[in-house]
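Below is one structure, written out as C-alpha coordinates, with a few remarks after it.
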Amino acid sequence: MTIEHIEQQIIEEFEQFDDWMERYNYIIELGKNLPLINAEYKTEKYLISGCQSQVWLHAAYEDGKVIYKADSDAIITKGIVALLIRVLSGQTPDAILNTPLAFVDKIGLKEHLSPTRSNGLLSMIKQMKLYAMAFKAKYK
Amino acid sequence: MTSKAPDILAFREDFPILKRSVYNKPLVYFDNAATTQKPQVVIDRIVKYYAEENANIHRGVHYLSQHSTMAFENVREQVRLFLNANHAHEIIFTRGTTESINLIASSFASKHLLAGDEILITQMEHHSNIVPWQLACEAKKATLKYIPFNEPGELELSLLDKLLTPRVKLLALTHLSNALGTINPVKEIIAKAHQKGIPVLIDGAQAVAHIKVDVQELDCDFYCFSGHKIYGPMGIGVLYGKEKWLNDLPPYQGGGEMIKTVSLEKGTTYNDLPFKFEAGTPNVSDVLGLETALNYIQNIGLEHIAAWENKLLTYASTKLQGINGLQVIGRAKHKSSVLSFIVEGIHPYDIGTLLDKMGIAVRTGHHCAQPVMDRYGISGTVRASFSFYNTKEEIDVFCEALKKAIEMLK
Ligand SMILES: Cc1ncc(COP(=O)(O)O)c(C=O)c1O
(Lines give C-alpha, C1' and ligand atoms only; values in the text may rest on other atoms or scores of the structure.)
Protein backbone atom coordinates (compact mmCIF):
# COMPACT_ATOMS: atom_id res chain seq x y z
CA MET A 1 0.00 0.00 0.00
CA THR A 2 1.19 3.50 -0.69
CA ILE A 3 1.78 6.05 2.02
CA GLU A 4 -1.27 8.02 0.85
CA HIS A 5 -3.40 4.89 1.07
CA ILE A 6 -2.41 4.15 4.63
CA GLU A 7 -2.83 7.77 5.58
CA GLN A 8 -6.35 7.71 4.15
CA GLN A 9 -7.14 4.60 6.23
CA ILE A 10 -5.96 6.31 9.38
CA ILE A 11 -7.93 9.44 8.60
CA GLU A 12 -11.07 7.35 8.15
CA GLU A 13 -10.45 5.54 11.42
CA PHE A 14 -10.15 8.84 13.22
CA GLU A 15 -13.30 10.20 11.58
CA GLN A 16 -15.31 7.78 13.69
CA PHE A 17 -14.32 9.58 16.84
CA ASP A 18 -16.48 12.40 18.11
CA ASP A 19 -14.17 14.10 20.54
CA TRP A 20 -10.58 14.40 21.65
CA MET A 21 -11.10 11.85 24.43
CA GLU A 22 -11.95 9.08 22.00
CA ARG A 23 -9.04 10.05 19.77
CA TYR A 24 -6.62 9.98 22.65
CA ASN A 25 -8.04 6.77 24.03
CA TYR A 26 -7.34 5.20 20.66
CA ILE A 27 -3.80 6.57 20.56
CA ILE A 28 -3.19 5.37 24.10
CA GLU A 29 -4.44 1.89 23.18
CA LEU A 30 -2.07 1.85 20.22
CA GLY A 31 0.71 2.88 22.55
CA LYS A 32 -0.12 0.20 25.08
CA ASN A 33 -0.56 -2.68 22.72
CA LEU A 34 2.40 -2.42 20.45
CA PRO A 35 5.75 -3.78 21.48
CA LEU A 36 7.60 -1.71 18.99
CA ILE A 37 11.24 -2.41 19.45
CA ASN A 38 13.49 -5.12 20.81
CA ALA A 39 15.04 -4.37 24.18
CA GLU A 40 18.51 -4.51 22.61
CA TYR A 41 17.68 -1.36 20.65
CA LYS A 42 16.45 0.59 23.65
CA THR A 43 19.89 1.99 24.27
CA GLU A 44 21.63 5.32 24.10
CA LYS A 45 22.73 4.57 20.54
CA TYR A 46 19.17 4.53 19.20
CA LEU A 47 17.84 7.21 21.49
CA ILE A 48 16.36 10.42 20.12
CA SER A 49 16.29 12.76 23.04
CA GLY A 50 13.25 14.99 23.13
CA CYS A 51 13.93 16.42 26.55
CA GLN A 52 10.75 15.07 28.13
CA SER A 53 9.72 11.84 26.52
CA GLN A 54 12.34 9.71 24.88
CA VAL A 55 12.08 7.95 21.56
CA TRP A 56 14.18 5.04 20.33
CA LEU A 57 14.41 4.40 16.60
CA HIS A 58 15.95 1.57 14.62
CA ALA A 59 15.98 1.24 10.82
CA ALA A 60 16.91 -1.61 8.46
CA TYR A 61 16.90 -1.94 4.68
CA GLU A 62 15.17 -4.98 3.17
CA ASP A 63 14.33 -5.53 -0.51
CA GLY A 64 14.43 -1.87 -1.36
CA LYS A 65 12.24 -0.90 1.60
CA VAL A 66 13.00 0.71 4.89
CA ILE A 67 11.80 -1.15 7.98
CA TYR A 68 11.49 1.01 11.07
CA LYS A 69 11.09 -0.02 14.66
CA ALA A 70 10.62 2.51 17.40
CA ASP A 71 9.44 3.01 20.94
CA SER A 72 8.89 5.71 23.53
CA ASP A 73 8.64 5.90 27.31
CA ALA A 74 5.53 8.10 27.16
CA ILE A 75 2.40 6.28 26.04
CA ILE A 76 0.86 9.06 23.95
CA THR A 77 4.15 9.61 22.16
CA LYS A 78 4.35 5.85 21.65
CA GLY A 79 0.88 5.77 20.13
CA ILE A 80 1.79 8.47 17.66
CA VAL A 81 5.06 6.68 16.96
CA ALA A 82 2.98 3.59 16.14
CA LEU A 83 0.97 5.58 13.60
CA LEU A 84 4.09 6.98 11.97
CA ILE A 85 5.62 3.52 11.75
CA ARG A 86 2.43 2.20 10.21
CA VAL A 87 2.66 4.85 7.52
CA LEU A 88 6.38 4.85 6.82
CA SER A 89 7.71 1.39 7.57
CA GLY A 90 7.94 -0.84 4.50
CA GLN A 91 8.07 2.06 2.06
CA THR A 92 10.84 2.94 -0.36
CA PRO A 93 13.37 5.62 0.56
CA ASP A 94 11.99 7.89 -2.17
CA ALA A 95 8.43 7.65 -0.92
CA ILE A 96 9.56 8.33 2.65
CA LEU A 97 11.62 11.33 1.61
CA ASN A 98 8.78 12.85 -0.39
CA THR A 99 5.83 12.53 1.95
CA PRO A 100 4.65 15.60 3.85
CA LEU A 101 2.85 13.29 6.35
CA ALA A 102 -0.34 15.26 5.83
CA PHE A 103 -2.45 12.84 7.92
CA VAL A 104 -1.03 14.16 11.17
CA ASP A 105 -2.76 17.47 10.66
CA LYS A 106 -5.98 15.87 9.42
CA ILE A 107 -6.42 13.71 12.52
CA GLY A 108 -5.81 16.65 14.83
CA LEU A 109 -2.38 15.72 16.14
CA LYS A 110 -0.45 18.52 14.52
CA GLU A 111 0.45 20.10 17.84
CA HIS A 112 2.44 17.01 18.77
CA LEU A 113 4.74 17.59 15.86
CA SER A 114 5.31 21.25 16.55
CA PRO A 115 8.89 22.31 17.23
CA THR A 116 7.82 23.63 20.63
CA ARG A 117 6.85 20.17 21.84
CA SER A 118 9.64 18.50 23.69
CA ASN A 119 8.47 14.96 22.97
CA GLY A 120 11.06 13.91 20.40
CA LEU A 121 8.55 13.17 17.60
CA LEU A 122 9.78 15.83 15.26
CA SER A 123 13.37 14.71 15.72
CA MET A 124 12.19 11.17 15.12
CA ILE A 125 10.68 12.04 11.74
CA LYS A 126 13.82 13.91 10.82
CA GLN A 127 15.85 10.85 11.78
CA MET A 128 13.54 8.54 9.80
CA LYS A 129 14.07 10.66 6.70
CA LEU A 130 17.82 10.73 7.31
CA TYR A 131 17.86 6.93 7.39
CA ALA A 132 15.89 6.86 4.13
CA MET A 133 18.38 9.24 2.58
CA ALA A 134 21.33 7.17 3.78
CA PHE A 135 19.85 3.92 2.42
CA LYS A 136 19.07 5.60 -0.87
CA ALA A 137 22.65 6.82 -1.21
CA LYS A 138 24.09 3.47 -0.22
CA TYR A 139 22.00 1.20 -2.40
CA LYS A 140 21.57 3.21 -5.56
CA MET B 1 1.49 44.68 60.97
CA THR B 2 -1.09 42.45 59.35
CA SER B 3 -4.00 44.38 57.98
CA LYS B 4 -7.50 43.01 57.62
CA ALA B 5 -7.55 40.25 55.01
CA PRO B 6 -8.89 41.55 51.69
CA ASP B 7 -11.27 39.56 49.54
CA ILE B 8 -8.40 37.97 47.73
CA LEU B 9 -10.39 36.43 44.92
CA ALA B 10 -11.73 39.82 43.91
CA PHE B 11 -8.26 40.48 42.49
CA ARG B 12 -8.71 37.66 40.01
CA GLU B 13 -10.86 40.05 38.00
CA ASP B 14 -7.75 42.13 37.33
CA PHE B 15 -6.24 39.43 35.11
CA PRO B 16 -7.77 39.49 31.63
CA ILE B 17 -6.13 36.25 30.49
CA LEU B 18 -7.90 34.27 33.21
CA LYS B 19 -11.19 34.91 31.43
CA ARG B 20 -10.15 33.08 28.28
CA SER B 21 -10.67 29.47 27.40
CA VAL B 22 -8.48 26.91 25.67
CA TYR B 23 -9.95 24.08 23.57
CA ASN B 24 -13.35 25.49 24.55
CA LYS B 25 -12.65 24.84 28.23
CA PRO B 26 -12.17 27.58 30.80
CA LEU B 27 -8.44 28.06 31.33
CA VAL B 28 -7.11 26.73 34.62
CA TYR B 29 -3.67 28.26 34.93
CA PHE B 30 -1.47 26.29 37.33
CA ASP B 31 1.91 27.12 35.84
CA ASN B 32 2.61 30.14 37.98
CA ALA B 33 6.10 29.04 38.96
CA ALA B 34 7.06 29.26 35.28
CA THR B 35 5.55 32.70 34.88
CA THR B 36 2.68 34.57 36.48
CA GLN B 37 -0.10 36.29 34.56
CA LYS B 38 -0.23 40.08 34.34
CA PRO B 39 -2.90 42.33 35.84
CA GLN B 40 -4.45 44.91 33.52
CA VAL B 41 -2.62 47.75 35.29
CA VAL B 42 0.75 46.30 34.29
CA ILE B 43 -0.36 45.86 30.69
CA ASP B 44 -1.73 49.42 30.65
CA ARG B 45 1.46 50.83 32.10
CA ILE B 46 3.57 49.42 29.28
CA VAL B 47 1.13 50.66 26.64
CA LYS B 48 1.08 54.12 28.22
CA TYR B 49 4.85 54.32 28.19
CA TYR B 50 5.06 53.71 24.48
CA ALA B 51 1.99 55.82 23.70
CA GLU B 52 2.97 58.87 25.73
CA GLU B 53 6.43 58.74 27.27
CA ASN B 54 8.91 56.88 25.10
CA ALA B 55 12.38 58.43 24.89
CA ASN B 56 15.90 57.23 25.51
CA ILE B 57 17.01 57.99 29.01
CA HIS B 58 19.98 59.49 30.86
CA ARG B 59 21.27 61.38 27.86
CA GLY B 60 18.61 63.67 26.50
CA VAL B 61 18.15 67.34 27.22
CA HIS B 62 14.59 67.26 26.05
CA TYR B 63 11.41 66.94 28.04
CA LEU B 64 10.50 63.33 27.27
CA SER B 65 13.99 62.06 27.94
CA GLN B 66 14.10 63.77 31.29
CA HIS B 67 10.64 62.57 32.16
CA SER B 68 11.54 58.96 31.28
CA THR B 69 14.82 59.16 33.14
CA MET B 70 13.07 60.33 36.27
CA ALA B 71 10.39 57.68 35.97
CA PHE B 72 13.03 55.00 35.43
CA GLU B 73 15.22 56.08 38.33
CA ASN B 74 12.18 56.33 40.56
CA VAL B 75 11.60 52.61 40.01
CA ARG B 76 15.08 51.91 41.31
CA GLU B 77 14.00 53.59 44.52
CA GLN B 78 10.77 51.55 44.55
CA VAL B 79 12.73 48.31 44.16
CA ARG B 80 15.09 49.45 46.92
CA LEU B 81 12.07 49.85 49.19
CA PHE B 82 10.63 46.52 48.05
CA LEU B 83 13.83 44.69 49.05
CA ASN B 84 14.70 47.12 51.83
CA ALA B 85 18.15 47.68 50.38
CA ASN B 86 20.37 50.34 51.87
CA HIS B 87 20.92 52.35 48.69
CA ALA B 88 19.10 52.73 45.38
CA HIS B 89 22.41 52.28 43.56
CA GLU B 90 22.58 48.75 44.95
CA ILE B 91 19.74 47.89 42.57
CA ILE B 92 20.87 46.86 39.08
CA PHE B 93 18.33 46.23 36.31
CA THR B 94 18.96 43.11 34.25
CA ARG B 95 16.97 40.91 31.87
CA GLY B 96 16.07 38.52 34.64
CA THR B 97 17.37 36.19 37.32
CA THR B 98 19.47 34.31 34.81
CA GLU B 99 21.29 37.43 33.69
CA SER B 100 21.71 38.63 37.28
CA ILE B 101 23.41 35.37 38.24
CA ASN B 102 25.55 35.34 35.10
CA LEU B 103 26.65 38.87 35.84
CA ILE B 104 27.88 37.99 39.32
CA ALA B 105 29.35 34.64 38.28
CA SER B 106 31.33 36.33 35.54
CA SER B 107 32.45 39.46 37.39
CA PHE B 108 33.11 37.71 40.68
CA ALA B 109 35.05 34.87 39.08
CA SER B 110 37.19 37.16 36.97
CA LYS B 111 38.43 38.99 40.06
CA HIS B 112 38.23 36.53 42.93
CA LEU B 113 38.20 32.96 41.71
CA LEU B 114 41.53 31.15 41.45
CA ALA B 115 42.58 27.65 40.48
CA GLY B 116 41.76 25.23 43.29
CA ASP B 117 39.03 27.45 44.76
CA GLU B 118 35.49 26.24 45.27
CA ILE B 119 32.03 27.63 44.63
CA LEU B 120 29.28 26.08 46.74
CA ILE B 121 25.69 25.69 45.51
CA THR B 122 22.94 23.23 46.45
CA GLN B 123 21.51 20.11 44.88
CA MET B 124 18.15 21.84 44.36
CA GLU B 125 19.23 24.74 42.15
CA HIS B 126 17.59 25.79 38.91
CA HIS B 127 19.98 25.36 35.95
CA SER B 128 20.31 29.16 35.97
CA ASN B 129 22.10 28.90 39.30
CA ILE B 130 24.27 25.98 38.21
CA VAL B 131 25.53 26.55 34.70
CA PRO B 132 26.96 30.09 35.19
CA TRP B 133 29.04 28.70 38.07
CA GLN B 134 30.11 25.69 36.02
CA LEU B 135 31.32 28.05 33.31
CA ALA B 136 33.16 30.20 35.85
CA CYS B 137 34.75 27.18 37.54
CA GLU B 138 35.79 25.72 34.22
CA ALA B 139 37.43 28.98 33.14
CA LYS B 140 39.32 29.31 36.43
CA LYS B 141 39.98 25.62 37.14
CA ALA B 142 37.93 25.88 40.30
CA THR B 143 35.55 23.23 41.65
CA LEU B 144 31.78 23.39 41.98
CA LYS B 145 30.46 21.65 45.12
CA TYR B 146 26.92 21.31 46.41
CA ILE B 147 24.88 20.94 49.58
CA PRO B 148 22.71 17.83 49.16
CA PHE B 149 19.07 17.61 50.23
CA ASN B 150 17.12 14.81 51.90
CA GLU B 151 14.12 12.77 50.81
CA PRO B 152 11.44 15.32 51.82
CA GLY B 153 13.43 18.01 49.97
CA GLU B 154 15.23 19.86 52.78
CA LEU B 155 18.89 20.85 52.62
CA GLU B 156 21.26 18.70 54.68
CA LEU B 157 22.43 21.61 56.78
CA SER B 158 24.36 19.39 59.18
CA LEU B 159 26.91 19.17 56.36
CA LEU B 160 27.16 22.92 55.90
CA ASP B 161 30.08 23.51 58.26
CA LYS B 162 32.13 20.85 56.56
CA LEU B 163 31.25 22.09 53.08
CA LEU B 164 32.16 25.70 53.86
CA THR B 165 35.86 25.01 53.49
CA PRO B 166 38.50 27.74 53.41
CA ARG B 167 38.56 27.23 49.65
CA VAL B 168 34.94 28.29 49.14
CA LYS B 169 34.84 31.74 47.60
CA LEU B 170 31.08 32.11 47.29
CA LEU B 171 27.87 30.32 48.21
CA ALA B 172 24.91 30.58 45.81
CA LEU B 173 21.55 29.09 46.66
CA THR B 174 17.88 29.38 46.00
CA HIS B 175 15.49 30.97 48.46
CA LEU B 176 12.61 28.82 47.21
CA SER B 177 12.95 25.73 45.03
CA ASN B 178 10.96 25.83 41.81
CA ALA B 179 10.87 22.03 41.55
CA LEU B 180 10.08 21.14 45.18
CA GLY B 181 8.58 24.25 46.71
CA THR B 182 11.05 24.08 49.61
CA ILE B 183 11.67 27.40 51.37
CA ASN B 184 15.27 27.36 52.54
CA PRO B 185 16.35 28.93 55.87
CA VAL B 186 18.57 31.35 54.00
CA LYS B 187 19.12 33.74 56.90
CA GLU B 188 20.80 31.07 59.05
CA ILE B 189 22.77 29.77 56.10
CA ILE B 190 24.01 33.26 55.24
CA ALA B 191 25.06 33.83 58.86
CA LYS B 192 27.04 30.58 58.84
CA ALA B 193 28.80 31.48 55.60
CA HIS B 194 29.57 34.98 56.86
CA GLN B 195 31.20 33.57 59.99
CA LYS B 196 33.78 32.22 57.58
CA GLY B 197 33.91 35.35 55.48
CA ILE B 198 32.12 33.77 52.50
CA PRO B 199 29.73 35.98 50.50
CA VAL B 200 26.30 34.60 49.57
CA LEU B 201 24.12 35.03 46.49
CA ILE B 202 20.42 34.23 46.82
CA ASP B 203 18.34 33.20 43.81
CA GLY B 204 15.02 34.79 44.68
CA ALA B 205 13.24 34.04 41.38
CA GLN B 206 10.55 31.97 43.07
CA ALA B 207 10.58 33.64 46.47
CA VAL B 208 9.70 37.28 45.85
CA ALA B 209 6.09 36.62 44.84
CA HIS B 210 5.41 34.64 48.02
CA ILE B 211 7.73 35.84 50.80
CA LYS B 212 8.51 39.33 52.07
CA VAL B 213 12.21 39.80 51.40
CA ASP B 214 14.41 42.15 53.42
CA VAL B 215 17.96 42.00 52.10
CA GLN B 216 19.37 43.86 55.10
CA GLU B 217 17.76 41.47 57.51
CA LEU B 218 18.93 38.47 55.49
CA ASP B 219 22.32 40.14 55.14
CA CYS B 220 22.80 38.46 51.74
CA ASP B 221 25.50 39.90 49.51
CA PHE B 222 23.51 39.45 46.30
CA TYR B 223 19.82 38.83 45.63
CA CYS B 224 18.31 38.13 42.20
CA PHE B 225 14.78 38.00 40.85
CA SER B 226 12.75 38.22 37.62
CA GLY B 227 9.87 40.60 36.94
CA HIS B 228 7.79 38.03 35.09
CA LYS B 229 7.43 35.73 38.10
CA ILE B 230 6.01 38.53 40.22
CA TYR B 231 3.17 39.66 37.94
CA GLY B 232 5.46 41.99 35.99
CA PRO B 233 6.71 41.87 32.40
CA MET B 234 9.14 39.40 30.88
CA GLY B 235 12.61 40.65 30.02
CA ILE B 236 13.22 42.61 33.19
CA GLY B 237 14.99 41.48 36.33
CA VAL B 238 16.83 42.75 39.33
CA LEU B 239 20.22 42.22 40.84
CA TYR B 240 20.70 43.54 44.33
CA GLY B 241 24.31 43.71 45.51
CA LYS B 242 25.85 45.20 48.59
CA GLU B 243 27.54 48.48 47.68
CA LYS B 244 30.98 47.29 48.74
CA TRP B 245 30.70 44.26 46.43
CA LEU B 246 29.35 46.13 43.45
CA ASN B 247 32.11 48.70 43.79
CA ASP B 248 34.67 45.95 44.07
CA LEU B 249 33.58 43.85 41.06
CA PRO B 250 34.62 44.65 37.49
CA PRO B 251 31.93 45.48 34.86
CA TYR B 252 30.12 42.64 33.13
CA GLN B 253 29.32 44.11 29.73
CA GLY B 254 30.80 47.15 28.06
CA GLY B 255 28.91 49.77 26.12
CA GLY B 256 27.12 53.06 26.41
CA GLU B 257 25.93 54.31 29.77
CA MET B 258 28.40 52.27 31.83
CA ILE B 259 31.40 54.53 31.11
CA LYS B 260 32.68 57.83 32.40
CA THR B 261 35.15 58.53 29.63
CA VAL B 262 36.26 56.51 26.64
CA SER B 263 39.53 57.23 24.95
CA LEU B 264 41.18 55.16 22.30
CA GLU B 265 44.55 56.24 23.65
CA LYS B 266 44.08 56.35 27.40
CA GLY B 267 41.47 53.62 27.75
CA THR B 268 38.13 53.82 29.52
CA THR B 269 37.04 54.81 32.99
CA TYR B 270 33.83 53.34 34.31
CA ASN B 271 30.74 55.03 35.54
CA ASP B 272 29.59 54.88 39.15
CA LEU B 273 27.01 52.48 40.48
CA PRO B 274 24.51 51.44 39.37
CA PHE B 275 25.36 52.45 35.79
CA LYS B 276 28.65 50.55 35.77
CA PHE B 277 26.58 47.37 35.41
CA GLU B 278 23.93 48.67 33.02
CA ALA B 279 25.54 48.80 29.59
CA GLY B 280 23.36 49.94 26.70
CA THR B 281 19.84 51.31 26.52
CA PRO B 282 17.84 49.74 29.33
CA ASN B 283 14.39 48.19 29.10
CA VAL B 284 12.54 51.26 30.32
CA SER B 285 8.98 50.17 29.58
CA ASP B 286 9.35 46.91 31.44
CA VAL B 287 11.04 48.61 34.37
CA LEU B 288 7.92 50.78 34.62
CA GLY B 289 5.74 47.69 34.25
CA LEU B 290 7.70 46.08 37.07
CA GLU B 291 7.06 49.08 39.29
CA THR B 292 3.34 48.76 38.69
CA ALA B 293 3.47 45.03 39.46
CA LEU B 294 5.35 45.59 42.72
CA ASN B 295 2.88 48.25 43.78
CA TYR B 296 0.04 45.98 42.80
CA ILE B 297 1.09 43.06 44.98
CA GLN B 298 2.16 45.25 47.88
CA ASN B 299 -1.26 46.79 47.78
CA ILE B 300 -2.82 43.34 48.20
CA GLY B 301 -0.20 42.43 50.79
CA LEU B 302 2.27 39.58 50.47
CA GLU B 303 1.09 38.14 53.79
CA HIS B 304 -2.47 37.83 52.43
CA ILE B 305 -1.18 36.39 49.19
CA ALA B 306 0.88 33.78 51.02
CA ALA B 307 -1.98 32.91 53.35
CA TRP B 308 -4.36 32.17 50.47
CA GLU B 309 -1.74 30.27 48.49
CA ASN B 310 -1.01 28.12 51.54
CA LYS B 311 -4.68 27.31 51.81
CA LEU B 312 -4.72 26.28 48.17
CA LEU B 313 -1.62 24.13 48.70
CA THR B 314 -3.12 22.36 51.71
CA TYR B 315 -6.44 21.88 49.92
CA ALA B 316 -4.79 20.45 46.81
CA SER B 317 -2.33 18.28 48.76
CA THR B 318 -5.16 16.73 50.75
CA LYS B 319 -7.20 16.05 47.63
CA LEU B 320 -4.28 14.46 45.81
CA GLN B 321 -3.61 12.11 48.73
CA GLY B 322 -6.70 10.20 47.73
CA ILE B 323 -5.31 9.30 44.32
CA ASN B 324 -3.85 5.83 44.01
CA GLY B 325 -0.18 5.61 43.11
CA LEU B 326 0.37 9.36 43.34
CA GLN B 327 3.49 10.49 45.12
CA VAL B 328 4.23 14.10 46.00
CA ILE B 329 7.84 15.08 45.32
CA GLY B 330 8.91 17.75 47.80
CA ARG B 331 7.40 17.50 51.26
CA ALA B 332 9.49 20.03 53.14
CA LYS B 333 8.00 21.46 56.32
CA HIS B 334 8.42 24.96 54.99
CA LYS B 335 7.13 25.02 51.49
CA SER B 336 5.34 27.27 49.09
CA SER B 337 2.48 26.67 46.68
CA VAL B 338 4.33 24.27 44.40
CA LEU B 339 2.88 20.80 44.08
CA SER B 340 5.19 18.45 42.21
CA PHE B 341 4.14 14.84 41.83
CA ILE B 342 4.51 11.60 39.93
CA VAL B 343 2.02 8.82 39.34
CA GLU B 344 3.30 5.28 39.41
CA GLY B 345 3.71 3.77 35.97
CA ILE B 346 2.63 6.89 34.09
CA HIS B 347 4.89 9.34 32.28
CA PRO B 348 4.44 12.98 33.41
CA TYR B 349 4.31 14.05 29.76
CA ASP B 350 1.21 11.92 29.17
CA ILE B 351 -0.56 13.42 32.18
CA GLY B 352 0.38 16.95 31.11
CA THR B 353 -0.87 16.33 27.57
CA LEU B 354 -4.28 15.12 28.72
CA LEU B 355 -4.65 17.86 31.36
CA ASP B 356 -3.89 20.38 28.64
CA LYS B 357 -6.75 18.98 26.56
CA MET B 358 -9.00 19.63 29.53
CA GLY B 359 -7.92 23.27 29.74
CA ILE B 360 -5.44 22.86 32.58
CA ALA B 361 -1.97 24.33 32.27
CA VAL B 362 0.65 22.53 34.33
CA ARG B 363 4.34 22.02 33.78
CA THR B 364 5.83 18.60 33.18
CA GLY B 365 9.45 17.53 32.95
CA HIS B 366 12.54 18.32 34.94
CA HIS B 367 11.69 21.99 35.54
CA CYS B 368 15.23 23.05 34.67
CA ALA B 369 16.45 21.26 37.77
CA GLN B 370 17.78 17.94 36.49
CA PRO B 371 19.92 17.32 39.59
CA VAL B 372 16.70 17.34 41.64
CA MET B 373 15.23 14.65 39.37
CA ASP B 374 18.46 12.65 39.59
CA ARG B 375 18.25 12.80 43.37
CA TYR B 376 14.92 10.93 43.19
CA GLY B 377 15.91 8.77 40.23
CA ILE B 378 13.04 10.09 38.10
CA SER B 379 12.98 11.80 34.73
CA GLY B 380 10.47 14.45 35.67
CA THR B 381 7.32 15.36 37.54
CA VAL B 382 4.00 17.04 36.94
CA ARG B 383 4.01 20.39 38.66
CA ALA B 384 1.00 22.47 39.61
CA SER B 385 1.94 25.84 41.06
CA PHE B 386 -0.67 28.15 42.51
CA SER B 387 -1.08 31.89 42.68
CA PHE B 388 -3.40 34.02 44.79
CA TYR B 389 -5.78 34.31 41.83
CA ASN B 390 -6.41 30.57 41.77
CA THR B 391 -9.47 29.08 43.40
CA LYS B 392 -10.46 25.90 45.21
CA GLU B 393 -12.96 25.27 42.42
CA GLU B 394 -10.07 25.21 39.97
CA ILE B 395 -8.32 22.64 42.15
CA ASP B 396 -11.51 20.55 42.09
CA VAL B 397 -11.54 20.72 38.29
CA PHE B 398 -7.85 19.83 38.23
CA CYS B 399 -8.31 16.80 40.51
CA GLU B 400 -11.22 15.45 38.48
CA ALA B 401 -9.25 15.96 35.27
CA LEU B 402 -6.23 14.27 36.79
CA LYS B 403 -8.29 11.25 37.80
CA LYS B 404 -9.74 11.04 34.32
CA ALA B 405 -6.27 11.26 32.77
CA ILE B 406 -4.92 8.53 35.05
CA GLU B 407 -7.93 6.38 34.21
CA MET B 408 -7.21 6.77 30.49
CA LEU B 409 -3.51 6.09 30.86
CA LYS B 410 -3.60 3.16 33.28
C1 LIG C 1 14.57 29.15 41.11
C2 LIG C 1 14.73 29.77 39.76
N3 LIG C 1 15.89 30.37 39.45
C4 LIG C 1 16.08 30.97 38.26
C5 LIG C 1 15.11 30.98 37.29
C6 LIG C 1 15.38 31.65 35.98
O7 LIG C 1 14.61 32.77 35.83
P8 LIG C 1 14.56 33.56 34.44
O9 LIG C 1 14.32 32.53 33.40
O10 LIG C 1 13.44 34.52 34.61
O11 LIG C 1 15.89 34.23 34.28
C12 LIG C 1 13.90 30.35 37.56
C13 LIG C 1 12.84 30.32 36.51
O14 LIG C 1 12.23 29.33 36.25
C15 LIG C 1 13.70 29.75 38.82
O16 LIG C 1 12.54 29.13 39.11
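The sequence lines fix the lettering, A, B, ..., with proteins before strands; numbering per chain opens at 1. Both backbone and side-chain heavy atoms feed into the values below; hydrogens, waters and symmetry mates do not.
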> Is the backbone N or O of B:K410 less than 3.5 Å from a side-chain atom of A:K32, with the two atoms forming a donor-acceptor pair by type?
Replying inline: yes

If you round to the nearest 0.5 Å, how far is [atom2] of [Y] from [atom1] of [X]?
X	Y	atom1	atom2	value
A:T77	B:Y349	OG1	OH	5.0 Å
A:R23	B:K357	CZ	NZ	6.5 Å
B:K404	A:M21	NZ	CE	4.5 Å
A:W20	B:D356	CH2	CG	9.0 Å
A:I80	B:T353	CD1	OG1	8.0 Å

> Taking all non-hydrogen atoms of both residues, which atom of B:D350 and which atom of A:I75 are closest, and how far apart?
Replying inline: OD2-N, 2.5 Å

Got more than 12 heavy atoms from elsewhere within 6.0 Å of [atom1], [X]?
X	atom1	answer
B:Y376	OH	yes
A:E40	CD	yes
A:E13	CD	yes
A:R86	CZ	yes
B:K19	NZ	yes
A:D19	CG	yes
A:K65	NZ	no

>> Between A:I28 and chain B, with a heavy-atom cut-off of 4.5 Å, which part of the residue counts as in contact: side chain, backbone, both or neither?
In response: side chain

> So what's closer than 4.5 Å to chain A heavy atoms on B:L354: side chain, backbone, both or neither?
Replying inline: both

